[in-house]
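Just below is one structure, and these are the notes that go with it.
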Amino acid sequence: MFESVPVEVRPVSSRRDLSAFIRLPFALYDGEPRWVPPLIFERRRFLDRSRNPFFEHGEAEYFLARRDGRAVGRITAQVDHALNEFQGENCGLFGFFESEGDGEVATALLGAAETWLRERGCERVVGPMDFSLRAGCGLLVDGFDRDPVVLANWTHPYYQQLLESAGYTKAVDMLMWELHVSDRGPIHPATRLPARDEATAHTTGETAPQARREAGPDITVRHMRKRALRSELERFREVYNAAWTRNWGFVPLGEAEVRHYAKVLRPVLDEDWAWVAETNQGEAVGVALAMLDYNQVLKRMGGRLLPFGWLKLLLGRRRIDRIRVFALGVKPDYQHAGIASRFYKELFETALRRRITRWEMGWILEVNESMSRFVDGAGGRVGSRYRLYQRTL
């Protein structure tokens with residue numbers, strides 16, 4: 001009887017290793033219709049320590065598992081010093097987890113990440129997070145029959161067993177809520193605008209992106225301006241750091257990240273799907289950002305933009321019929337002013353005008369009961385569930 005070839009886990013130390021790290025999922029998901037190939041050049045840029053703003057307040061190591069010279073798994077271990085400082089703990093993170101359905105591979109990968117984190121004084125590990133909660137995160141545990149929306153992952157069902165067999169337990173679940181435009185009915189009382197807001201609210205399907213729309217006597221809702229994207233994202237940062245501060249795992253959004261997101265979002269941001277709520281004095285008190293579901297196009301591009309991927313992207317964009325709402329927040333002092341329901345109305349009106357049939361909102365933490373009540377009252381239902389795992393080191 002032949003002995004099995006042992007698994008060898010080593011840090012990514014060369015450009016060749018990094019290419020193997022990036023391309024591994026293409027082999028692991030070969031033939032899987034639900035998986036969406038990422039753009040290879042984008043993944044390379046994201047993993048570049050000199051480009052990703054995470055590395056201004058964090059550090060990470062990339063590991064690749066091989067058996068008999070063949071890549072069979074990958075993982076990252078990272079420490080977000082901003083997270084630990086804000087949350088007051090010594091927590092490590094893991095991310096980019098991919099593995100063959102082999103407990104030996106998963107155990108070796110997790111063991112390498114845990115050792116690296118212990119050496120840096122971490123007392124607990126949480127993941128998967130592709131560096132942070134603001135990037136790809138969570139393991140899909142429900143909704144395997146659904147195509148993932150843009151900026152969300154589809155992972156093999158057996159990953160859950162691999163992590164739990166290695167001693168990992170649930171930290172928190174994140175929900176992806178789905179709403180169909182055709183199912184829109186009367187707004188549930190729990191999400192309805194206050195009477196003073198309903199009296200002044202006005203929408204027209206053909207309003208230009210820069211038009212201002214009344215949300216109440218003292219608050220207006222307008223579209224963000226792409227020509228002033230940097231300043232608009234600074235306003236987003238102001239609201240984000242106030243509205244999300246009590247969320248599980250929250251880390252304040254810094255100036256460097258805003259500059260980075262301005263570059264990343266500029267090519268794909270559509271003013272129709274970006275709003276800011278302001279007081280008459282010009283204070284930003286609420287924001288909502290959505291994005292066309294480019295996964296519907298990326299699915300057919302095989303991870304490449306050249307030579308013809310760009311053409312598929314341009315032509316396929318016209319056929320996208322789903323959006324993802326990935327940020328909707330209101331400053332605490334204004335959370336009873338009807339702003340969230342104002343955004344909800346805007347989303348539906350724009351969807352009708354742009355021939356969008358459905359939209360997904362998330363991730364929403366399962367412990368965020370107020371937001372879940374709002375989406376449920378708006379006619380939504382939970383479509384997918386993602387889980388973050390943890391283990392004491």
Side-chain angles (χ1 to χ4, degrees), residues 4 7 9 20-38 43 63-67 70-77 93-114 125-131 133 135-178 293 295-296 298-300 302-303 322 324 358 360-366 380-391:
S4 61
V7 176
V9 177
F21 185 96
I22 292 171
R23 295 176 182 275
L24 175 65
F26 288 80
L28 293 178
Y29 294 98
D30 185 34
E32 173 49 60
R34 300 293 183 187
W35 183 71
V36 179
R43 291 289 81 186
F63 295 96
L64 192 62
R66 285 189 170 94
R67 174 179 275 145
R70 182 175 60 87
V72 293
R74 73 178 194 184
I75 198 170
T76 63
L93 310 171
F94 77 92
F96 293 89
F97 176 76
E98 302 284 359
S99 173
E100 292 188 345
D102 183 337
E104 183 182 358
V105 174
T107 300
L109 286 167
L110 293 164
E114 292 165 5
V125 57
V126 178
M129 293 186 205
D130 293 354
F131 297 143
L133 284 173
C137 60
L139 191 74
L140 183 65
V141 295
D142 189 25
F144 295 101
D145 59 336
R146 299 164 50 82
D147 288 338
V149 73
V150 64
L151 303 179
N153 302 321
W154 191 96
T155 52
H156 282 301
Y158 65 76
Y159 281 12
Q160 183 175 359
Q161 179 62 33
L162 291 178
L163 289 180
E164 292 176 2
S165 295
Y168 282 76
T169 59
K170 172 184 170 180
V172 67
D173 279 1
M174 303 177 296
L175 310 178
M176 189 67 74
W177 287 78
E178 182 182 48
D293 181 21
N295 271 6
Q296 295 182 15
L298 292 174
K299 199 171 185 179
R300 301 189 295 273
R322 180 170 67 169
R324 175 180 177 178
R358 57 208 166 111
E360 295 200 12
M361 179 179 289
W363 297 276
I364 296 175
L365 293 170
E366 64 175 349
R381 67 180 185 86
V382 176
S384 303
R385 181 181 294 265
Y386 291 81
R387 180 164 298 166
L388 288 172
Y389 282 88
Q390 64 183 350
R391 185 183 182 190

Apply salt bridge (Lys or Arg N to Asp or Glu O under 4.0 Å) to Asp147 and Lys299, showing your working. CA-CA 10 Å; Asp147 288 338; Lys299 199 171 185 179; 3.0 Å; yes
Worked verdict on Phe131 versus Phe96 for ring pair (Phe, Tyr, Trp, His ring centres under 6.0 Å): CA-CA 8 Å; Phe131 297 143; Phe96 293 89; 5.3 Å; yes
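Of the possible donor and acceptor atoms, one in the side chain of Thr76 sits under 3.5 Å from a partner among the backbone N and O of Gly95. Panel note: side chain Arg385, backbone Gly143; no donor-acceptor pair is recorded below 3.5 Å. Under a 3.5 Å cut-off, the side chain of Tyr386 and the backbone N or O of Met176 do not form any donor-acceptor pair. Counting only distance, with no hydrogens or angles, the side chain of Arg387 and the backbone of Ala171 share no donor-acceptor pair below 3.5 Å. A distance-only check finds no donor-acceptor pair linking the side chain of Arg43 to the backbone of Pro38 [under 3.5 Å]. At least one donor-acceptor pair closer than 3.5 Å links the side chain of Tyr159 to the backbone N or O of Ser99. At least one donor-acceptor pair closer than 3.5 Å links the side chain of Trp154 to the backbone N or O of Phe144. A distance-only check finds no donor-acceptor pair linking the side chain of Arg391 to the backbone of Glu114 [under 3.5 Å].
Rounded to the nearest 0.5 angstrom, Tyr158 OH and Glu100 CD are separated by 7.0 Å. In this structure, OH on Tyr29 lies 5.0 Å from NE2 on His156, to the nearest 0.5 angstrom.
The side chain to side chain contact (heavy atoms under 4.5 Å, CB included) test with Arg74 singles out one residue from Leu28, Leu24, Val9, and that residue is Leu24. In summary, of the residues considered (Asn295, Asn153, Asp293), a side chain to side chain contact (heavy atoms under 4.5 Å, CB included) with Pro148 occurs for Asn295 alone. Checked against Phe94 for a ring-ring contact (aromatic ring centres under 6.0 Å, His included), the options Phe63, Tyr389, Tyr168 give a single hit: Tyr168.
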